[in-house]
Amino acid sequence: MNTKQIFVTALLLAAGSASAKELNAPMALEASSRGGSKLLSLDFESDGNAASFSFRVVFPEGAKSIDTSRCLSELPKGFVGVCKVYDGKVVAVTVMNTEGGAFPAGLNSIGKLAYSSNSKNAAVIDTFEASNRDGNLASMGVAKVEKLD
Amino acid sequence: MIRKSQLFLAVAALVGMNAAMAACNTTQWGQGSPPGGAAVGAPIADGPVNSDANPAITSRYSGKCALRANATGNYVQDGLPLAEGSYISRFYVLPNNTGESVVFQAMADVATDYPIFKIAFDQGSNSFKFYGGNGSGGFGSPVSITTVNGVAIAANRWYMVETTYTRGSGTSAGTLSATVIGNRGNGSLTGTTPSTANLAAGSMVLANAADGVDYVQLGWVSGGAGTSVVVDGFESRRSTAIGSLKRGDANNSGTCTSGDATQALQEVNAITGNNETGLKLGQTDCNENGSVTSGDSTCILNMVNADTASGGTRVCGMPITP
């Protein structure tokens, strides 16, 4: 478990959202640097049965230069996906497994989104679903974006 | 597959899958005892694998089976209508004929039966043509649909055809409105606008003012030559538009999710392995090109991605309407 995973796990524990049985949910950690550059690390919390998911990242007002080039760069082997900017302010991330497998239980890295914004607000994740190996909807937790200032 | 609606006139599932026999069949046709029976000629109930008790391989749009005609004069009939003055029907067709072939015909069952209207696919002009009958077996000039969302209609692609017939009063007040959508490919992920055409009053003539739709014929009814006409997804009503099935909804849940992409991929595997039980019950042929491949899984993944970006205002590429 790397530093980021430890940090996110700690946040989940602090929020009381980590139970004995993990639910499926996208997570993101947003780091800011001077000049308004922001890096959003995308993760997926899996209950061990989720084989695909889709969610939307809504950026704060005034966000620009959204970079999706590393959006899916950390997906585990066997997963493919689509990461696309819509209307210059929304990114939709859709991922599936092509080998009949599922995400391992726990936190799985997806990739990173970079953008720039002077807003104090973080990006928001909504419109989320996940499905199991059979293509049926899986149980879902609460999507979350944490700011790392 | 079986379509149900509180408003339905005829639940005429195009072809069913008998669970015990694991075979496609046409047993739900012929209700209402249409003249000539359930099937005329020898249309083939079949699916995309040959483990379904039929060695042929047939594309289908929804469910596990469709109806294939390999020559003109092979079609099924539904006799549930009864002198209907208002008749709405919807079907899917994958026309692979040459020349002009009638794929649907609505008939009046009187002393001498005659067609009230017919729908043809004309491969020569790549168009769907809608003809009104003249009350004595002939037809007037057709109206045509040649494009869907700016793309020319093509043979060997899936299209939905929905028509609404209204008799009106007298013998020549009947109207027909037609809607066609299909062959949306891998790129049309945010909805396409159906194309429409209308036969105005005066375009259809009844022999008697009380005549109406008594039975319908679906398949390769007449005309043309070529390889085949495949039809699927038939439904009819007296009122309320039917609309298209949700393309990409592999498990027929009414929505499109990332799981439907997974299910489409599972179906590709089943088709490759010639395994009928692995076929899905929804609409896996996302790009509507007549075959289910890994490209359809990608198509669904892209469509779900676009749906997700809409924040819940679109499902399966189409706007959600209240």
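Throughout, a chain's letter reflects where its sequence line sits, starting with A, and its residues are numbered from 1.
With a 4.5 angstrom heavy-atom cutoff, A/Val82 touches chain B via backbone and side-chain atoms both. For chain A, the nearby parts of B/Ala306 are the backbone and the side chain; heavy atoms of each come within less than 4.5 Å. There is no contact between A/Phe128 and chain B, counting heavy-atom distances below 4.5 Å. For A/Val91, no part lies under 4.5 angstrom from a heavy atom of chain B. Residue contact with chain A, scored on non-hydrogen atoms closer than 4.5 Å, involves the backbone of B/Ser310 exclusively. For B/Leu265, the part lying under 4.5 angstrom from a heavy atom of chain A is the side chain only. In this structure, the portion of A/Asn97 lying under 4.5 Å from any heavy atom of chain B is its backbone and not its side chain. Both the backbone and the side chain of B/Asn305 come within contact range of chain A, judged by heavy atoms closer than 4.5 Å. With a 4.5 angstrom heavy-atom cutoff, A/Val95 touches chain B only via backbone atoms.
Qualifying salt bridge (Lys or Arg N to Asp or Glu O under 4.0 Å) partners for B/Arg60, counting only residues two or more places apart in sequence or in other chains: B/Glu267. Every side-chain contact (heavy atoms from CB on, under 4.5 Å) that A/Pro76 has, sequence neighbours left out, goes to A/Phe79, A/Phe103, A/Asn108.
In summary, the side chains of B/Ser236 and B/Ser89 do not present any donor paired with an acceptor at a separation below 3.5 Å, with no hydrogens or angles considered. Counted by atom type alone, B/Gln283 and B/Ser62 present one or more donor-acceptor pairs between their side chains at under 3.5 Å.
Salt bridge annotation for B/Lys64-B/Glu276: present, with a cationic side-chain nitrogen under 4.0 angstrom from a carboxylate oxygen. Contact check on A/Lys89 versus A/Glu61 returns no salt bridge, with no Lys/Arg side-chain nitrogen under 4.0 Å from an Asp/Glu carboxylate oxygen.
The local environment of NZ in B/Lys280 is crowded, with over 12 non-hydrogen atoms from other residues, nucleotides or ligands closer than 6.0 Å.
Looking only at heavy-atom pairs under 4.5 Å with chain B, the residue among A/Ala50, A/Ala138, A/Gly135 that has the most is A/Gly135. Contacts with chain A were tallied for B/Thr298, B/Asp260, B/Asn302, B/Asn269; B/Asn302 has the most, counting heavy-atom pairs under 4.5 Å. Among the candidates A/Asp134, A/Val90, A/Asp126, A/Asn132, the residue making the largest number of heavy-atom pairs closer than 4.5 Å to chain B is A/Asp134. Between chain A and the residues B/Gly311, B/Gly312, B/Ala250, the most heavy-atom pairs under 4.5 angstrom are made by B/Gly311.
In this structure, the separation between CG on A/Leu39 and CG on A/Leu148 is 10.0 Å, given to the nearest 0.5 Å.
In this structure, the ring of B/Tyr159 has its center no less than 6.0 angstrom from the ring center of B/Tyr92.
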